[in-house]
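Please read through the structure below; I'll follow up with questions.
In what follows, every heavy atom counts, from backbone to side chain, and hydrogens, waters and symmetry copies are set aside. All chains are named by letter (A, B, ...) in the order of the sequence lines, taking the proteins before the strands, and each is independently numbered beginning at 1.
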Amino acid sequence: MLGGSLSCKTANINGTLLSLLGKCKSMLELKKLHAIGIAFGLSHEDSFIYKILSFSALSNSGDIDYSYRVFSQLSSPTIFSWNTIIRGYSNSKNPIHSLFIFLKMLRHGVAPDYLTYPFLVKASARLSKQESGVSVHAHIVKTGHESDRFIQNSLIHMYASCGNIMWAHKVFDSMQGKNLVSWNSMLDGYAKCGEMASAQKVFESMQERDVRSWSSLIDGYVKAGEYREAMAIFEKMRAVGPKANEVTMVSVLSACAHLGALEKGRMMHKYVVDNCLPMTMVLQTSLVDMYAKCGAIEEALFVFRGVSKSQTDVFIWNAMIGGLATHGLVEESLKLFKEMQMFGIRSDEITYLCLLAACAHGGQVKEAWYFFESLVKCGMTPTSEHYACMVDVLARAGQLTTAYQFICQMPIEPTTSILGALFSGCINHRNLDLAETVGRKLIELDPNNDGRYIGLSNVYAVVKRWDDAKSMREAMERRGVKKSPGFSFVEISGILHRFIAHDKTHPDSDETYSMLYFVVCQMKHGCRQDNQEENLLNDTSIEDDLILF
DNA sequence: ATTGATGAAC
């Protein structure tokens, strides 16, 4: 009788705690409720433990490691508890832990069920670890779960994420009753691998398309560098497709950024606001990046300043620091770096790359050395890009010998970007002997890059070694290296204009070229517009410059 | 209780 009344009281407390846990918002609250539960002897009550596990493993404000500590104290966890932990880790920063827990589970003699596998496959996908994905797949076959639609969909995605489109397709083809997720996973797989013709085909054969189908296609075009196509698909989506969401807009903004399409970018920003799309951190980063890349650094700063700094991550700081750096606002970018440290945001390799780029733009050699050294001091390993940036700093500043020595004592083999930076420096500072050595090495390393032959040929042309210049062009032709024309875009009143080097087909071509001469002339002499052509014709050094740049 | 998407530097 007495036991009965006690357990009745516990049941009441349990009920109250369960409903409070349902409204829980933070780990702090959860821990308080957990403590109360333990005090009232509920630490072995299944429903109570499940709530604790699920919140800490799955909610956005959760803490999977806390969840795991609670889990470890259970003497014989149910399959639900195992799955919760595996699921939590599959979404975490360390998806590999899902696989460790899976092993533990097998050793405990607990059989995974149809819900365990999608999480394990997802963990492998997020790790891009095909080997582990295949092991999990083998378990799936062995335990007879091969025809589960959720499992098949996650397998398609996993193989596609690992770059194995063939196997993704095999699973897809074997499926009975494909649904939208199956089609989207296949489409996204092709888009991620840059096989846009196939992605487009899948997209067109789909019976039904949702916002993810459209977003995957747009993002595929963006990743493939086909920004105009991406924008065209977005316009089509606006006309006949579902409403875009914040993920779609991230890809679209990236396309605008690469095109330098400021007006379009502003319109996309307006689209986000007008449609009340959630202003996520990722979206804000894309906006900052878009404005910075389109030359609207003030607007980039405006968006950046509007972000509540308590929620920032390293991405948005890097975008802003990098944006300021490319705008030549070196002081500001270094100041922002200090601010970032004040907010306790840990800088990473990319931050240092941005800082080194800033130094390259501002000619700050001393600061560059400082950053390069602190990168190493912070326990990071400089990548070839860091070396390339450092060489760029030295080469731009004319310290060609130092740059050369720096390259010689690197622990890695010089890449083409490292030597390319030195090569440009040699040309800019007219060290044509070193330019020749480096240029020849570059061609040896990268015989299919047309720019290297042309660059070296131009060097010979400047020193009037016409035969050598010619032989460079011939070597290029002999090896079948295709000349890819340089081009750029400029956006005027929302219309994108493309300029190809030496192309004169644009209706305003004459005017453009006369402006170009004017600008070059001004840079050279600060001369006035009325005698520009005369000046230009009389000055052969301008021709040298036009050849070299 | 399950599956599918997005950001920074070159």
Please work out if A:Asp348 contacts a base, only the sugar-phosphate, or nothing of the nucleic acid, heavy-atom cut-off 4.0 Å.
->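 Result for A:Asp348 = base.
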
Could you tell me whether A:Asp289 contacts a base, only the sugar-phosphate backbone, or nothing, with contacts defined as non-hydrogen atoms closer than 4.0 Å?
->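 Counting heavy atoms under 4.0 Å across all strands, the contact made by A:Asp289 is with sugar-phosphate only.
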
Counting only N and O atoms by type, is there a donor-acceptor contact under 3.5 Å from the side chain of A:Asn275 to the main-chain atoms of A:Tyr271?
-> yes

Determine the contact category for A:Asp148: base if any of its heavy atoms lies under 4.0 Å from a base atom, sugar-phosphate if only primed atoms, P, OP1 or OP2 are that close, otherwise nothing.
-> nothing

DNA chain B: 5'-most and 3'-most nucleotides touching chain A, 4.0 angstrom heavy-atom criterion = B:dA1 to B:dC10

Check: A:His169/A:Tyr159 side-chain N/O donor and acceptor closer than 3.5 Å = no

Determine the contact category for A:Tyr114: base if any of its heavy atoms lies under 4.0 Å from a base atom, sugar-phosphate if only primed atoms, P, OP1 or OP2 are that close, otherwise nothing.
-> base

Modelled atom types, side-chain donor and acceptor of A:Ser286 and A:Asp289, under 3.5 Å | no

Answer with base, sugar-phosphate or nothing: what part of the nucleic acid does A:Met186 contact at a heavy-atom distance below 4.0 Å?
->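 No contact.
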
Does the ring centre of A:Tyr114 sit less than 6.0 Å away from the ring centre of A:Phe150?
-> no

What nucleic acid atoms does A:Asp392 come within less than 4.0 Å of, heavy atoms only: base, sugar-phosphate, or nothing?
-> nothing

With sugar-phosphate meaning primed atoms plus P, OP1 and OP2, does A:Leu283 contact a base, only sugar-phosphate, or nothing at under 4.0 Å between heavy atoms?
-> nothing

Across the strands shown, which category fits A:Ser417 at heavy-atom distances under 4.0 angstrom: base, sugar-phosphate, nothing?
->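 No contact at all - A:Ser417 keeps every heavy atom at 4.0 Å or more from the nucleic acid.
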
Listed by chain and number, what are the ring pair (Phe, Tyr, Trp, His ring centres under 6.0 Å) partners of A:Tyr89, not counting sequence neighbours?
-> A:His97

Side-chain donor-acceptor pairs under 3.5 Å in residues 357-365 of chain A, sequence neighbours left out?
none

Remember a base hit wins even if backbone is also touched, and classify A:Tyr117 as base, sugar-phosphate or nothing at under 4.0 Å, heavy atoms.
->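 The answer is nothing, as A:Tyr117 stays clear of every strand by at least 4.0 Å.
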
